[in-house]
Amino acid sequence: MTLYSTYTSLTRDPAYTYKLVQLTNDVRERLEKGEQITIKSDPNVPSHLVLTASDSTWKIRQMKHTNTALVMSSRSDWSPMFGADRASDLNALVSIASLTYEYELTPTKGTITITDLPVYDPKTKDTRENVKSISLDKLLCDSCISEKEFYQQWYKLGGCDIKGNATILSPRYISELLQLIITLLIRHKILDIKSEGIVDKMPQIIHLIQQHASTIPVSAIETVVHKFSDVSTGQLDHSSVSEWFGIETLQKQASIRALSVRDFLMEWKSALPPFYNAPLDITQLQGYYYKPALDSVAYLDSSNLAVLDLSARVKELFSIAKEWEWEDFAPFIMSFVPSGKKPDAFMLKYCKRRRSGACAGTSTDLAFFPIDSVKTRLQAKGGFFANGGWKGIYRGLGLCVIALAPLALLFFVTYDGLKRKLIQENNMNPTIGHMIAASFGEIAACFVRVPAEVVKQRTQVGSAGKVTSWDNFVYLLRNQSGEGVIRGLYRGWSTTIMREIPFTVIQFPLYEELKSQWALANGETPLAPWKGAVCGSIAGGVAAALTTPLDVIKTRIMLEKKSMGVKVVVSRMIKDEGYSVFFHGIGPRTCWVSAGGAIFLGCYEMVSSTLSQVTK
């Protein structure tokens, strides 16, 4: 056995703050070779940090840990730090205590913020407010990107140095210069469709252009040449050129009305420089058009679509066109697809939450509806036999089946999305994140659950002599109770929320913790669906038993002949029936929710697992 000595503290200079960064092999090798490594932050978003080398960029992400991080080294000479008497221990480790997190590096595509930069066009003046004057060197310094990537992106964005200021060329001016450059190159036989690299011919190109128009800035010519050249070969990128003019044609010709594909291709061809023959393919412009009909196209500006919410963007796209080919649809959602993920697999996983949630909810209530009816009749005033006994035990099932698919969909879409946002993206404590996500999931689900529960429970006990879900629904819609349609349908909203939030705050963190501990004990990731079902059963049973009093209050309020406040209902229950009334139905409720939790969450895990395999 090798023994190690551990030095548990270092003398810290109070002028510095110590952070621990987990280096990738690539970064470590660059440091060993003496390459300069820089840490940058976005001036507008100081919390956004990147590490850059000469040609690569890494995002710095904070990873929280509950344990102390230990920095280990095989350094042979420790005398400068600890003195000669301790330096003989070559196995010494140096530790830094009290660090609850470390930083990890993830390769990323660097970015340049050009929103506030001036736009250059000799025919128009940039009249926008808050336009910044900044040198190109300063912009490079402020941008979270490596130097090589910066210049590659800068030219592609139409960036140009005009009189010492970082400037963006206007699309109109770029088109004008591109037309002129290609026309002159063809006229002087410098360019043909199989031409050599034009970046190497930059001095000749600049000379030709300035002979024709001496007022054109040299930097503008350089920007346009670089923008439409292949980065690796320096050759003119004919696809990029034709795409540029194709987008411009869409904006001019197909913004107000759709064009047939044939007519559009003719307009596109006529927009190219004279005698310039480049291949034209409508698929080059995917992400800029939609098809109102099979053989027509219309311009679609993605900047007018929802930016932060994928659901909203998908909804907008289908409101614009009822049918989409996947290849035309995918470019409009690419900004939401995580790095390294395929868009089709991502969309399938995005839809998976809806399908698995709906499947789980429907399966549970079909199997355990009779137990729910028993529970409701036990909790209703008068007791089990006074409210129907064993007769009509499946009353209200139809409405339950109809409502629970969208109900479960609302819950799981909200729960999964918020859980991922809080825990994975914002590093929130998992237990707190699960509680918050589950609470908001239940609030979303209650927009369907409450009216469904009101109608279902009135049907289960035959309230007002109505023994079908439809009769009770019509009764409430016609406002025969006199309390208003909305108030009638959403009677018990607050008490349902009072029941569901404590229930989910107990159930889902317990469920996630049980899964986590079981997976950790067996070294199994992800956990098998049947094991997820067992965890769901335990968590559901515990939560159901503890929240039974709230469920009894909710049931009584929903079944009252007229709307009554929580305080009035609770006071009357205690006066007439004693405190034990609050635990009426605890047995059926615990059994129902426990068994239902096994099916509900087990089915969810099974569908999620199956769909995950499909998307791999």
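Here the structure is a predicted model, which means the values were calculated and not measured.
Counting all heavy atoms, side chain and backbone alike, Gly578 lies closest to Val581 at O-CG1, 3.0 Å. In terms of heavy atoms, Phe582 sits closest to Val570 at CZ-CG1, 3.8 Å. Across all non-hydrogen atoms, the minimal contact from Val448 to Leu410 is CG2-CD1, 3.6 Å. Here the closest non-hydrogen pair linking Thr414 and Ala444 is OG1-CB, 3.6 Å.
A distance of 8.0 Å separates CG of Asp42 from OG of Ser143, quoted to the nearest 0.5 Å. Separating the OH atom in Tyr290 from the CZ atom in Phe332 is a distance of 10.0 Å, to the nearest 0.5 Å. Rounding to the nearest 0.5 Å gives a distance of 9.0 Å between OG1 of Thr547 and CD1 of Ile586. The distance from atom CD of Gln286 to atom CD of Glu325, rounded to the nearest 0.5 Å, is 8.5 Å. Put simply, CD on Gln507 and SG on Cys535 are 11.5 Å apart, with the number rounded to the nearest 0.5 Å. Here the CD1 atom belonging to Ile333 is positioned 13.0 Å from the OG atom belonging to Ser302, to the nearest 0.5 angstrom.
Counting heavy atoms from C-beta on, the side chains of Phe583 and Val552 never come closer than 4.5 Å. Proximity of Asp551 to Arg589: side-chain heavy atoms (C-beta onward) are separated by under 4.5 Å at one or more points. Arg449 is listed as a side-chain neighbour of Glu442, based on a closest heavy-atom distance under 4.5 Å. A heavy-atom distance below 4.5 Å is found between the side chains of Leu305 and Ile320. Inter-residue side-chain proximity for Asp328 and Tyr289 is flagged as met; some heavy-atom pair is nearer than 4.5 Å. Counting heavy atoms from C-beta on, the side chains of Leu300 and Tyr288 never come closer than 4.5 Å. No side-chain heavy atom of Leu51 sits under 4.5 Å from any side-chain heavy atom of Thr57. The side-chain heavy atoms of Leu550 and Phe503, taken from C-beta on, include no pair separated by under 4.5 Å.
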Report the C-alpha distance between Val27 and Trp58 in whole Å, list the side-chain angles of each, state the deciding distance to 0.1 Å, and finish with yes or no for side chain to side chain contact (heavy atoms under 4.5 Å, CB included). CA-CA 9 Å; Val27 175; Trp58 295 267; 3.6 Å; yes

Derivation and outcome, side chain to side chain contact (heavy atoms under 4.5 Å, CB included), residues Tyr579 and Ile574: CA-CA 6 Å; Tyr579 287 98; Ile574 295 172; 3.7 Å; yes

Step by step, would you call Ile60 with Ile39 a side chain to side chain contact (heavy atoms under 4.5 Å, CB included)? CA-CA 9 Å; Ile60 301 177; Ile39 295 178; 4.1 Å; yes

Report the C-alpha separation of Tyr511 and Ile538 in whole Å, then their side-chain angles, then the decisive distance to 0.1 Å, and conclude whether the side chain to side chain contact (heavy atoms under 4.5 Å, CB included) test is met. CA-CA 8 Å; Tyr511 166 63; Ile538 296 170; over 6 Å; no

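At distances below 3.5 Å, at least one donor-acceptor pair connects side-chain atoms of Ser594 with backbone N or O atoms of Ser537. With hydrogens and angles ignored, the 3.5 Å screen pairs no side-chain donor or acceptor of Arg61 with any backbone N or O of Glu104. Lys40 places a side-chain N or O within donor-acceptor distance of the main-chain N or O of Ile145, the cut-off being under 3.5 Å.
For Lys291, the NZ atom is densely surrounded, since the number of other residues' heavy atoms within 6.0 Å is greater than 12.
Glu513 is linked by a salt bridge (charged side-chain N to carboxylate O under 4.0 Å, His left out) to nothing, counting only residues two or more places apart in sequence or in another chain.
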